[in-house]
Structures are given as structure tokens and as C-alpha cells.
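Quick notes on the structure that follows.
Bear in mind the structure is a predicted one, so any value in this text is a computation, not a measurement. Order of appearance sets the numbers: ligands from 1, and atoms from 1 within every ligand.
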Amino acid sequence: MAPPEETTAAHAAAEAAAIEENLAAKTTGDQPISTIVIVVAMQTEALPLVAKFELSEDLDRSVFPKGVPWVRYHGTYKGLHINLVWPGKDAVLGVDSVGTVSASLLTYASIQAFKPDLIINAGTAGGFQAKGASIIDVYLASDVAFHDRRIPIPVIFDLYGIGARRTFSTPNLVKQLGIKVGKLSTGDSLDMCPQDESSITANDATLKDMEGAAVAYVADLLSVPTILIKAVTDIVDGPKPTAEEFMENVVAVSAALHYAVTEVVDFISGKSLSDL
Ligand code: FMC
């Protein structure tokens with residue numbers, strides 16, 4: 001049953017007030033974190049988190065442009081305003097809109113709409129066993145870079161393409177949770193061609209995904225600190241074909257991811273950015 005109109009209006013007004021209040025408080029990194037945006041790429045990754053944080057789907061969708069498939073779940077958990085967003089299903093093909101383009105647009109729109117103190121990009125990733133990764137391991141990405149933006153014009157354009165950047169530093173969180181830390185390399189393909197492989201090696205990456213560096217780029221543009229939590233679904237330098245191994249593990253690994261994200265959110269609750 002649809003909620004009565006006054007309830008929806010009151011709810012929207014309360015939300016707008018919370019966003020304003022959050023903006024007013026955002027002068028230093030010392031206030032408790034109030035609003036977070038969790039960006040995920042796949043429904044399988046989103047649903048365990050929606051259940052855990054008891055979020056409700058924003059059926060009105062007026063925060064996003066009309067017609068986009070992007071989905072937002074929201075609610076309050078341990079004093080934090082949580083907005084969990086995923087780019088939804090492709091309008092034509094009906095599959096999750098994975099990759100850097102959707103992730104960038106959604107991150108941009110979500111920062112504009114919710115003015116978060118912090119972005120969490122949570123998702124699955126390939127891992128390199130040569131770098132110590134195993135299936136179901138969960139990592140915090142210390143650095144991100146792209147591996148498929150080759151611009152071989154020396155000195156500056158090549159570096160722009162790689163787009164390497166450090167993520168928001170969270171030494172206390174890493175220490176408290178004992179979570180693994182590694183570098184993440186992002187590109188728009190699930191498979192890996194030889195050129196991508198050498199770029200990933202040059203990026204010194206333990207992890208390979210299709211969104212992380214794009215989310216971090218947009219968040220950096222708009223000066224929002226970002227942390228990336230990635231759980232390993234497949235071993236890129238292992239014997240199994242990536243797509244097969246990914247499909248085999250994605251549900252179990254999404255469950256592991258949701259435990260890790262919960263631990264991170266529990267840790268964040270009541271803390272300021274400088275406490276992380
Ligand atoms: N390479 C690239 N991306 C992924 C991966 C791999 N070996 N394993 N899992 C992923 C992530 C991507 O970020 C996508 O969101 C999704 O899972 C695969 O389409």
C-alpha cells in the first residue's frame with residue numbers, strides 16, 4: 001500500500017532538513033559522520049546490505065533523473081543516514097549495469113543529491129594469488145588506478161590515463177578490523193588481455209574490478225572522502241576461467257562482503273572522519 005501523501009511529504013521534508021544540517025556541519029573532519037553513500041554495482045551485492053541495515057527502497061526516485069534505472073535504498077542505522085545506491089538493470093538487456101560509466105554517473109548524482117560525508121564503494125573483485133589474495137578475502141583498497149586507459153603520449157597524458165590516486169586513509173579502521181589492504185586496478189572488462197595485464201602489474205594491484213577507480217575519481221572531483229571494500233570472487237592468475245569462477249562464487253562472496261561492510265559501518269558509527 002502506498003504511504004499517505006502527508007507522510008511522504010513529511011518524510012521528504014525531514015530528509016531535506018537532514019541534508020541541510022549535514023552540510024552545515026561539514027566544516028571540519030571533526031564532527032561525527034552523519035551521511036554515507038554506499039555505491040554497489042550489482043543487485044546480489046546490494047540485497048544483503050539492504051536487509052542488514054533495514055533500508056527501504058525509494059520508490060519515488062525523484063532524486064534521480066526521470067527514466068534512469070538507478071535504485072536507491074535508504075534508512076538510518078546506528079545514527080548514520082545510509083543511502084545505498086546501485087545502477088539498476090540495463091533498460092534493454094536487463095542485466096546489472098556494471099562498469100565505470102554507470103558507476104561514475106551514479107556516484108555524481110548521489111553526491112549531488114545526498115551530500116555525503118563519506119562514500120563507500122563495496123563490491124566484488126578479482127584477486128591475484130601472486131599478491132596473496134584468496135577467494136572470499138575482503139580487502140580495503142589503499143590505492144586505485146585504471147588499467148585500460150592507454151594514452152601513450154609521454155609524461156602527462158599517460159599518467160592521466162592511469163589516473164592513480166590514494167583512497168581516504170583509515171589507519172584506525174584497518175587496525176581495529178584487521179582487514180587486508182591492497183591496491184585496486186579498474187577497467188571495463190571482466191577478462192584480461194595482455195596489455196591490461198601489464199598495466200595491472202605496473203599498478204602493483206592485488207585486486208581487479210570494474211568500478212572502483214571511477215567512483216574514487218568522481219568522489220575526488222567533488223572532494224568527498226572514499227573508501228573501497230572489495231571481496232574476491234575469482235583468482236585472476238589462477239587456473240579457472242574468470243567468468244565461471246565469478247558466477248560460482250558471487251553469491252557467497254556477496255555475503256562475506258556484507259559482513260565486512262557491516263563491520264566497517266559499525267566502526268564508523270559515532271566517529272568523525274579524523275577518527276578513521
Ligand atoms: N575482473 C573485473 N571485475 C570483476 C572481477 C574481475 N576478475 N571479478 N569481479 C568483478 C566485479 C566487477 O567490478 C563487476 O561489478 C562485476 O564484479 C563483474 O561484472
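- Residue contacts with ligand 1 include Ala125, since one or more of its heavy atoms lies under 4.0 Å from the ligand.
- Residue Asp209 approaches ligand 1 through these ligand atoms, each under 4.0 Å from one of its heavy atoms: 2 (C), 3 (N), 13 (O).
- Geometrically, Arg61 does not engage Phe64 in a cation-pi contact defined by less than 6.0 Å to the ring centre and at most 45° from the axis.
- Considering backbone and side-chain N/O of Glu211, one or more are found under 3.5 Å from N/O of ligand 1.
- At a 4.0 Å heavy-atom cut-off, ligand 1 touches Thr233 through the side chain alone.
- Each of the following atoms of ligand 1 lies closer than 4.0 Å to a heavy atom of Val98: 15 (O), 19 (O).
- Atoms OG and CE, on Ser185 and Met210 in that order, are 12.5 Å from each other to the nearest 0.5 Å.
- Other residues, nucleotides and ligands contribute more than 12 heavy atoms inside 6.0 Å of the CD atom of Glu57.
- For Tyr108, the OH atom sits in a loose shell: 12 or fewer heavy atoms of surrounding residues, nucleotides or ligands are nearer than 6.0 Å.
- Applying the 4.0 Å criterion to heavy atoms of Met42 picks out, from ligand 1, the atoms 16 (C).
- Between Met210 and ligand 1, at least one N/O pair is under 3.5 Å apart.
- Residue Thr242 touches ligand 1 through its side chain alone, judged by heavy-atom distances below 4.0 Å.
- Counting heavy atoms under 4.0 Å from ligand 1, residue Asp234 touches it through the side chain alone.
- The residue among Leu190, Asn121, Thr124 with a heavy atom at the shortest distance from atom 6 (C) of ligand 1 is Leu190.
- More than 12 heavy atoms of other shown residues, nucleotides or ligands fall within 6.0 angstrom of atom CZ in Phe53.
- We find that Asp209 and Lys230 are joined by a salt bridge, their nearest charged nitrogen and carboxylate oxygen being less than 4.0 Å apart.
- In this structure, atom 1 (N) of ligand 1 lies nearest to the protein heavy atom Lys208 NZ, 2.9 Å.
- Contact annotation for Met192 and ligand 1: no heavy atom of the residue comes within less than 4.0 Å of the ligand.
- Checked by atom type, the side-chain pair Asn249/Thr233 shows no donor-acceptor distance below 3.5 Å.
- For the pair Gly126 and ligand 1, the shortest N or O to N or O distance falls below 3.5 Å.
- Between Arg165 and Asp143 there is no salt bridge, since none of the side-chain N atoms of the basic residue sits less than 4.0 Å from a carboxylate O of the acidic one.
- Looking only at atom types and distance, the side chain of Ser97 has no donor-acceptor partner in the side chain of Asp90 under 3.5 Å away.
- Atoms of ligand 1 found under 4.0 Å from any heavy atom of Ala41, numbered from 1 in the order shown, are 15 (O).
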